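Here is the structure we will look at.
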Amino acid sequence: MSCSLSLMSVSALGDDNPSRDESHAGLANFVVQDCGSCHGLTLKGGLGPPLRPENLGHLPAEAIAAVIREGVPGTAMPPWKPLLSPEEIHWISQHLKSGALVSPGNAYLEE
């Protein structure tokens, strides 16, 4: 699986930087487009398992982050650590677990 990704690293942004929201929007779009290509555009599953809160509730956010960071050997899930910073991986794992990326009104996942 090859992918090109151009995201501004969250770690490079200060808390008072207005670009942080833009970076988070980019990460949300990344989840929909890149993760969604295997996990379904609404994250309900596809080639990969569903990534909705009801499916991830039993996992701590750090376990989700570890899967994103390291991938799953022997599956189509690649390690994303070459392309995503630790802060970006943490943000994605927290938002997948909380359901923030699949909540009603999220323009990124509306069907």
Side-chain angles (χ1 to χ4, degrees):
M1 166 190 256
S2 84
C3 143
S4 67
L5 175 66
S6 63
L7 292 175
M8 185 181 332
S9 177
V10 173
S11 61
L13 302 175
D15 288 339
D16 59 348
N17 191 326
S19 296
R20 183 173 288 269
D21 288 340
E22 184 177 308
S23 179
H24 289 173
L27 285 174
N29 187 58
F30 167 78
V31 171
V32 172
Q33 297 301 315
D34 288 80
C35 303
S37 67
C38 289
H39 296 279
L41 293 178
T42 58
L43 306 180
K44 292 180 180 176
L47 173 63
L51 298 178
R52 298 177 74 82
E54 59 269 22
N55 309 105
L56 300 174
H58 66 288
L59 295 172
E62 184 48 44
I64 298 166
V67 170
I68 296 168
R69 185 176 48 255
E70 304 299 330
V72 180
T75 73
M77 178 62 184
W80 289 98
K81 65 184 172 187
L83 298 172
L84 296 172
S85 72
E87 292 80 8
E88 291 166 334
I89 291 170
H90 175 77
W91 187 91
I92 291 168
S93 65
Q94 290 289 328
H95 283 75
L96 285 173
K97 183 160 177 72
S98 73
L101 296 172
V102 296
S103 62
N106 184 338
Y108 300 107
L109 294 179
E110 290 189 349
E111 301 176 277

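Given the structure is predicted, the values throughout are model-derived calculations rather than measurements.
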Residue pair L83 / E88: nearest heavy atoms and the distance that separates them: O-OE1, 4.2 Å

Which pair of heavy atoms, one from T42 and one from V102, lies closest together, and at what distance? O-CG1, 4.1 Å

Measure the [atom1]-[atom2] distance between [X] and [Y] for me, rounded to the nearest 0.5 Å.
X    : Y   : atom1 : atom2 : answer
H39  : D34 : NE2   : CG    : 11.0 Å
S85  : H90 : OG    : NE2   : 11.0 Å
K81  : E70 : NZ    : CD    : 3.5 Å
L84  : W91 : CG    : CH2   : 11.5 Å
L101 : L96 : CG    : CG    : 5.5 Å

Report, as yes or no, whether the 6.0 Å neighbourhood of atom NE2 on H95 holds more than 12 heavy atoms from other residues, nucleotides or ligands. yes

Can you find a heavy atom in the side chain of M77 that is under 4.5 Å from one in the side chain of C38? no

Take the angle between the ring planes of F30 and W80 and call it parallel below 30°, perpendicular above 60°, tilted in between. perpendicular

Without placing hydrogens or testing angles, list every side-chain donor-acceptor pair under 3.5 Å for residues 53-67, not counting sequence neighbours.
{"residue": "H58", "atom": "ND1", "partner": "N55", "partner atom": "O", "Å": "3.4"}
{"residue": "E62", "atom": "OE2", "partner": "R69", "partner atom": "NH2", "Å": "3.0"}

Grouping I, L, V, M, F, W and Y whenever their side-chain heavy atoms are under 4.5 Å apart, do L47 and L51 come out in a common cluster? no

